[in-house]
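Report on one structure; see the data block that follows.
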Amino acid sequence: MGKVAVAFAAAAVLVSCSVAAVMVGRRIKSRAKWRAVVEILKELEEACDTPVGRLRQVVDAMAVEMHAGLASEGGSKLKMLLTFVHHLPNGTEKGTYYALHLGGSYFRILRVHLGGERSYLDVQDVERHPIPSHLMDSTSEVLFNFLAFSMERFIEKEGKESNSQGVKRELAFTFSFPVKHSSISSGVLIKWTKGFEISEMVGKDVAECLQGAMNRRGLDIHVAALVNDTVGALSLGYYHDPDTVVTVVFGTGSNACYLERTDAIIKSQGLLTTSGSMVVNMEWGNFWSSHLPRTSYDIDLDAESSNPNDMGFEKMIAGLYLGDIVRRVIRHMSQVSDIFGPTSSMLSEPYVLRTNSVSAMHEDDTPELQQVARILKDSGVSDVPLKVRKLVVKICDVVTRRAGRLAAAGIAGILKKIGRDGSGGITSGRSRSEMRMQKRTVVAVEGGLYMNYTMFREYMEEALVEILGEEVSQYVVVKAMEDGSSIGSALLVASLQS
Ligand code: BGC
C-alpha cells in the first residue's frame, strides 16, 4: 500500500469513528431527554396519587366542612347555601312550563308539558347553544338582553297553535352560579365562576335582572323560580325516584346539592318548613382540604385563572380545567425536551386543549393513536412518534383518574354527612343497629363531563365502591340525568303552582 492509500484509509477510519461518536452522543442525549420526560410523568403520578386512605381523609374533610358551613355563615369554604326549596316535584304537576338555563358553556331553553301523572312528562322543545364568549366579560345588561332576546325567538317559534298562547308563561331560570337566595324566586349573585367576569353583576338580584330584560322586550313571561343547576337536577331525580337525595353536576364546573333536615341548618335557626327539610346548594367547587393532592400545575392554573384562590376543588375535577392541566404538563415536558418537536406558541395558550379533546385522546382506540396525533396537531404539536402519543394518553389518564376519584370522595363525604355511608355519619349517638341499617340512596348525576367521558365516569364509580365497600355500595345508586337541570327546574316551577 502506498503512503497516499494509507493516509486515505486512516482518514476514512477517523471519519467513521467521529460519525459513530456523534450518533452515540445524539442517542445518549435523546435518552437523557426521554428520561427527563419520564421523570416528569413519574412526579405527576406521585403528586396525583389517590390511594383509598387519602380518599377517606377527603371524605371526612368534606363531611366536617359541611357541618361547619351549616353551623355559621362563613364557617367554611363550603357556603352551604339555602335554596328555599323544601318541596320537590312528586308527579302530580300539570301544565306547560319553561326553563332558561345559563350554564358554563351552553345556554338552553326548553318547554315541558305535564299531564298530572309521573309518566306524562313531555319535553317539547329544546334549544341548546354555546354561550358567545364575548358575553362572559360584557355587562349584565348585555348578558340579560341577550337571554331575553333568545327567549323571545324561542316563543315566536311556538306559533299560534301553542297551548300556552294568551296565558302568562311561567319560567324557571336555571342559573349555574352561586346565589344567596332570599326566596325561591330571588337571590343575589355571590361571585362568578367558570371564567365569567362581569363584576358589576355581583350583588345584584339575578331573577330581577332577567325579569327586567323580559319586560323591556314586552314578553309575557314570569320568572317564577331561580334555580341552581344542581337543584334542578335534584328535582327531576326526585320526580322519577323519591329516594333521590343528592345531586352532583360534573360539567364545565362542578357542584352538589342535597336534601338536609332544617334543624341541622344551625345558621338559620327557626327556619320552618312544612316538610322539615330544605335543599342545600353546597357550592362544593370551593371545597378545600390539605388532603387534596395538589400539583404545581394546579397551583399555576389557579394563579393564572380569572378567580385565583377560589374554587380549588372545581379546578381539580371539572371539565373547564382538566384539559388545561394536561396542556400544562405537555408544555412543561416540551420545555425540558424536544420529544414534542418544535412546538408552536399555541401550547402556551390557556385552555387551547379542551377536556373533550382530552377524553378523545384518552379513549383513542386506533392502533396508531391517530386521534391523539390529530388533536396534538390542532394544539400546535405536529408529527409526534407513537411513543410520545402514548405518553400523552398516560398524562390524560393520570389527570382524569385523580378527578374521578376525588369526585367519588366528595360524594361519599355527603353520604357520610347524611348518614348514608354505612358509618352512621360523623355525629355520635347512633346505635350500632341504626348504623348498620342502610336505606336505598339515589345520587343523580348530570353534566357533560360525566355523560361524555367514559373513563372519568368509570374511575368515579369504581372509587365510590372502593370507599364505601361492596355491601354499602349496593344501596347507593348513581343515576345519570341528561338535561336534568333544565327539565327539573321547570318541574320545580310546576310544583310551586300546584
Ligand atoms: C358554580 C355552581 C354550579 C356548578 C356546575 C360552579 O362553578 O359555582 O353554582 O352548580 O358550577 O355548573
Side-chain angles (χ1 to χ4, degrees), residues 69 76-85 99-108 128 130-131 136 172-181 187-198 201-202 206-207 225-237 246-258 279-288 301-302 305-322 324 351 355 403 406-407 410-411 414 443-453 456 460 480-489 492:
S76 162
K77 282 183 90 91
L78 286 184
K79 287 224 168 332
M80 306 298 285
L81 300 170
L82 306 188
T83 61
F84 295 89
V85 174
L100 167 62
H101 180 179
L102 183 69
S105 338
Y106 290 91
F107 74 95
R108 284 185 199 90
R128 184 175 190 261
I131 298 169
M136 294 170 64
F173 186 20
T174 317
F175 185 70
S176 305
F177 300 92
V179 163
K180 187 169 171 51
H181 278 265
V188 297
L189 175 67
I190 297 175
K191 64 183 177 189
W192 287 109
T193 58
K194 300 178 281 201
F196 275 71
E197 285 180 275
I198 310 173
M201 180 65 211
V202 173
V206 182
L226 177 61
V227 188
N228 186 261
D229 51 350
T230 54
V231 181
L234 181 65
S235 305
L236 182 65
V246 178
T247 295
V248 192
V249 170
F250 299 111
T252 306
S254 182
N255 189 14
C257 77
Y258 72 107
V279 177
V280 172
N281 168 14
M282 291 175 60
E283 285 297 330
W284 87 354
N286 203 33
F287 167 66
W288 192 251
L301 181 150
D302 177 53
S305 68
S306 59
N307 53 346
N309 291 319
D310 200 26
M311 307 299 275
F313 192 47
E314 174 163 280
K315 287 173 181 161
M316 289 176 137
I317 63 170
L320 178 59
Y321 304 104
L322 299 188
D324 207 51
Y351 305 102
T355 301
L406 291 179
I411 295 176
I414 304 175
V443 178
V445 187
E446 134 105 304
L449 180 64
Y450 181 80
M451 296 291 181
N452 306 325
Y453 196 164
F456 171 83
M460 192 206 92
M481 198 122 318
E482 189 139 29
D483 269 335
S485 315
S486 327
I487 301 172
S489 302
L492 198 56

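Counting convention: from 1, in listed order, for ligands and their atoms alike. What's counted below: heavy atoms across the whole structure, side chains too, no hydrogens, waters or symmetry copies.
- Considering only residues two or more places apart in sequence or on other chains, T355 meets the side chain to side chain donor-acceptor pair (under 3.5 Å) condition with none of them.
- Within the 4.0 Å heavy-atom cutoff, P178 counts among the residues contacting ligand 1.
- Of all the atoms in ligand 1, the ones that sit under 4.0 Å from a non-hydrogen atom of G253 are 5 (C), 11 (O).
- When the side chain to side chain donor-acceptor pair (under 3.5 Å) test is applied to S485, the partners found at least two apart in sequence or on another chain are E446.
- Residue contacts with ligand 1: G104 is excluded, as none of its non-hydrogen atoms falls under 4.0 Å.
- In this model, no donor atom of one side chain and acceptor atom of the other lie less than 3.5 Å apart for S486 and T174.
- When heavy-atom distances to ligand 1 are checked against a 4.0 Å cut-off, A318 has no atom that comes that close, whether in backbone or side chain.
- Contact atoms of ligand 1 toward E283: 1 (C), 2 (C), 8 (O), 9 (O) (distance under 4.0 Å to a heavy atom of the residue).
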Inset, instruction - Apply side-chain contact (heavy atoms from CB on, under 4.5 Å) to V443 and V248, showing your working. - result: CA-CA 7 Å; V443 178; V248 192; 4.1 Å; yes
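- The main-chain N or O of K77 is found under 3.5 Å from a side-chain atom of N286 such that the two form a donor-acceptor pair.
- Tested against K315, the residues D324, T193, D302 include a single side chain to side chain donor-acceptor pair (under 3.5 Å) partner, D302.
- Note: F250 and W284 have tilted aromatic rings, judged against thresholds of 30 and 60 degrees for the angle between ring planes.
- Taking each of N286, V249, V248, D229 in turn, the one with a heavy atom nearest to atom 12 (O) of ligand 1 proves to be D229.
- The aromatic rings of H181 and F84 sit tilted, their planes meeting at an angle between 30° and 60°.
- Counting atoms of ligand 1 from 1 in the listed order, those under 4.0 Å from a heavy atom of T193 are 1 (C), 6 (C), 7 (O), 8 (O).
- Proximity of T252 to ligand 1, defined as any heavy-atom pair under 4.0 Å, is not found for any part of the residue.
- For ligand 1, the atoms closer than 4.0 angstrom to any heavy atom of N255 are 2 (C), 3 (C), 4 (C), 9 (O), 10 (O).
- Geometrically, ligand 1 and N281 share no nitrogen or oxygen pair separated by less than 3.5 Å.
- Within ligand 1, the atoms closer than 4.0 Å to a non-hydrogen atom of F177 are 9 (O), numbered from 1 in the order shown.
- Among the candidates K191, K79, K194, the single residue satisfying the salt bridge (Lys or Arg N to Asp or Glu O under 4.0 Å) test with D310 is K191.
- Using a 4.0 Å cutoff on heavy atoms, M311 counts as a contact of ligand 1.
- What sits closest to atom 6 (C) of ligand 1 on the protein, heavy atoms only, is E314 OE1, 3.1 Å.
- Nearest protein neighbour of atom 11 (O) of ligand 1, counting heavy atoms only, is K194 NZ, 3.1 Å.
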